[in-house]
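The structure appears right after this line, and notes come after that.
As the structure lists them, so they are numbered: ligands from 1, and atoms in each ligand from 1.
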Amino acid sequence: MPKRALITGITGQDGSYLAEHLLGLGYQVWGLIRGQANPRKSRISRMCADLSFVDGDMMDEGSLVSAVDKVQPDEVYNLAAISFVPLSWSQAELVTEINGMGVLRMLEAIRIVSGLDKSRTATTGQIRFYQASSSEMFGAVEETPQHETTLFHPRSPYGVAKVYGHFITRNYRESFGMYGVSGILFNHESPRRGTEFVTRKITLAAANIKLGRQDKLHLGNLDAQRDWGYAGDYVKAMHLMLQQDEPTDYVVGTGHMHSVRDAVRIAFEAVDLDWREHVVVDPELVRPAEVETLCANPARAHAELGWRPSVDFVELIRMMVEADLRQATREQEY
Ligand code: GDP
């Protein structure tokens, strides 16, 4: 019998890479789809022809119980979230509902469908649960690099909601013996990254400026530093986390930090342009509370999962610029 996986957040960057990875491993994969005629469904259907869909909404407990009951998954990957940090100041309550309470709702759905209670005996087999935790939980970092037991100090409503999701997952593990783990993933990017995130904003602008379709690129804090990796590598770590004998949480990152300015320089060098002629620093884009630096210590993931990133920062930015150049050139020819 092939294993069955249910992925929430299927229409996002990580959802598509994870679905491809699991389908490649022989899984049957369902994506949770929200709303009527969701316009993002056709895109992911084109990318993954063998993917199935099930209706459900992270705001609606009953719909999650029905989805889990229908799919009867071996593994649930909760990637559903409002993922753009700045939005979390203007829609703090909504972000808390989806990114925080949504995790509780899915845990409850799994608990109900598997008949888990305090006696810790599941009646219908163990459903393993992956929660997409985030390096944003470290926020104003208490130490560098950050590992699994570094104290959290979130700096945005997004980060605060993710901390709730992280601890409620651990609590269901401790309360009900559920196999639930959190992957504390550092920033991970790809040509499929949303254009609102800084790496993709930069690589798309470099391509458009090269082709004469844009002149200026407005950015906020150029000094912010992140540990940026390739999303295609990170979904493999998600899967590995659910294959261990004992459930535990893992930090996933490259262990190397770069600034927004580095990303700009590498992207513009890739198209033979001088970034200083095009980048405008816009105070409007500076955040109310900034996360200045984030850097992973992925030692546990290396040792226990045997996980290693395959794409470094320079390769990542160049891969994204090349993809954006190809896409922009196609659009121009069209
Ligand atoms: P995040 O780490 O999940 O918030 O990912 P982002 O890609 O949105 O932001 C990474 C860093 O880039 C943050 O410290 C931002 O303040 C910084 N940054 C600087 N300029 C920009 C910009 O124009 N857009 C975005 N999204 N981030 C920017």
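Residues H188 and S190 have side chains that never bring a donor and an acceptor to within less than 3.5 angstrom of each other. Counting only N and O atoms by type, the side chains of T199 and R226 include no donor and acceptor under 3.5 Å apart.
Of the polar atoms of N187, at least one N or O is found under 3.5 Å from an N or O of ligand 1, judged by distance alone. No N or O atom of S83 sits closer than 3.5 Å to an N or O atom of ligand 1. By the 3.5 Å distance cut-off applied to N or O atoms, T199 is not counted among the residues near ligand 1.
The proximity of E196 to ligand 1, defined as any non-hydrogen pair under 4.0 Å, is limited to the backbone. Only the side chain of V260 comes within 4.0 Å of ligand 1, counting heavy atoms alone; its backbone N, CA, C and O stay farther away. If you look at V198 next to ligand 1, the close heavy atoms, those under 4.0 Å, come from the backbone and the side chain alike. With a 4.0 Å cut-off on non-hydrogen atoms, L222 does not touch ligand 1 at all.
Between F152 and F167, the ring planes lie perpendicular to each other; the angle is over 60°, past the 30° to 60° tilted range. Taking the six-membered ring for Trp and thresholds of 30 and 60 degrees, H278 and F268 have nearly parallel ring planes, at less than 30 degrees apart.
Residues meeting the side-chain hydrogen bond (donor to acceptor under 3.5 Å, both in side chains) test with E108, sequence neighbours left out: R111, Y172.
Every atom of ligand 1 with a heavy atom of V85 under 4.0 Å away is listed here by number and element: 3 (O), 4 (O). The ligand atoms of ligand 1 that sit less than 4.0 angstrom from a heavy atom of G220 are 19 (C), 20 (N), 21 (C), 23 (O). In summary, the atoms of ligand 1 found under 4.0 Å from a heavy atom of A224, numbered by their order in the structure, are 14 (O). Each of the following atoms of ligand 1 lies closer than 4.0 Å to a heavy atom of E290: 13 (C), 14 (O), 15 (C), 16 (O). Those atoms of ligand 1 with a heavy atom of E136 less than 4.0 angstrom away are 1 (P), 2 (O), 3 (O), 4 (O).
Sorted by first then second residue, the ring-ring contact (aromatic ring centres under 6.0 Å, His included) pairs that include residues 23-48, not counting sequence neighbours, are Y27-H239.
The backbone N or O of H256 lies less than 3.5 Å from a partner atom in the side chain of T254, making a donor-acceptor pair. Checking side-chain atoms of W307 against main-chain N and O of Y234 turns up no donor-acceptor pair under 3.5 Å. Here the side chain of E315 pairs a donor or acceptor atom with the backbone of D312 at under 3.5 angstrom.
The closest protein non-hydrogen atom to atom 23 (O) of ligand 1 is K201 NZ, 2.7 Å.
Look at F84 and you'll find a heavy atom under 4.0 Å from some atom of ligand 1.
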**OP:** Verify side-chain hydrogen bond (donor to acceptor under 3.5 Å, both in side chains) between S63 and D57, making sure each step is shown before the conclusion.
**Re:** CA-CA 6 Å; S63 77; D57 192 314; over 6 Å; no

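Selection from R287, E284, R226, R193 by nearest heavy atom to atom 6 (P) of ligand 1 gives R287.
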